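These values consider heavy atoms only, across backbone and side chains, with no hydrogens, waters or symmetry-generated copies. Small disclaimer: the values here were computed from a predicted structure and weren't measured. In listed order, ligands and their atoms are each counted from 1.
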Amino acid sequence: MVEGRARGTTPELASRLKSLRLLVFDVDGTLTDGGIVLDGGDGEWKRFDVRDGAGIKLAQAAGLEVAFLSGRSAPATARRARELGVARVAQGACQKGEAFAALLAGAGVAAEEAAYMGDDLLDLPALRRAGAAACPADAHPAVRAEVDYVCTDPGGRGAAREWIDLVLTAQGKMDGLLRAYP
Ligand SMILES: [Mg+2]
């Protein structure tokens with residue numbers, strides 16, 4: 001396990017990050033802080049991080065595909081996916097290992113070419129199948145113990161961006177992206 005961006009990656013993990021073509025993210029607690037604000041009706045609000053979103057756009061610009069895999073089902077998740085151009089979204093997927101495999105099959109990507117980031121026990125089956133596994137700093141301890149990389153930043157507050165930056169750096173794509181911001 002590698003903790004935090006200050007430590008960077010091991011050569012073994014960096015090698016696996018180079019093979020990635022698809023980055024899959026859990027939503028609640030990973031792309032959000034886990035808070036679910038219930039309104040007076042059937043609706044719910046989530047809080048996403050704009051820099052995580054920018055990271056997803058950067059990953060796509062670098063040729064990586066991004067997908068969402070959520071155990072819950074919420075219009076806010078579908079809207080965030082639309083905003084970011086994330087076409088592969090699985091919601092209401094409580095069997096995340098099977099749902100992860102289905103996402104990979106749909107994308108035509110092998111397990112070693114796919115990363116998964118999640119924060120809770122429900123994510124373990126997908127984390128174990130992925131070619132590279134990561135979690136936010138505030139993930140459940142059982143998840144932290146199993147992943148390849150534990151972020152310094154928490155869910156919904158930079159963890160996804162940290163993971164994306166790490167992948168793009170390992171793939172040698174970060175310098176080219178930075179040159180797009182002269
Ligand atoms: Mg979660």
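- Take the N/O/S atoms of D26: the one nearest the Mg ion (ligand 1) is OD2.
- The name of the N, O or S atom in D119 nearest to the Mg ion (ligand 1) is OD1.
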Requested in this report: Please step through salt bridge (charged side-chain N to carboxylate O under 4.0 Å, His left out) for the pair D165 and R161, ending with a clear verdict.
Outcome: CA-CA 6 Å; D165 284 356; R161 180 59 173 273; 3.3 Å; yes

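- The atom name of the N/O/S atom in D28 closest to the Mg ion (ligand 1) is O.
- At a threshold of 4.5 Å between non-hydrogen side-chain atoms, the residues D148 and T10 do not count as touching.
- Taking the six-membered ring for Trp and thresholds of 30 and 60 degrees, Y116 and F100 have ring planes more than 60 degrees apart, a perpendicular arrangement.
- Taking 4.0 Å as the cut-off between side-chain N and carboxylate O, K96 and D123 count as a salt-bridged pair.
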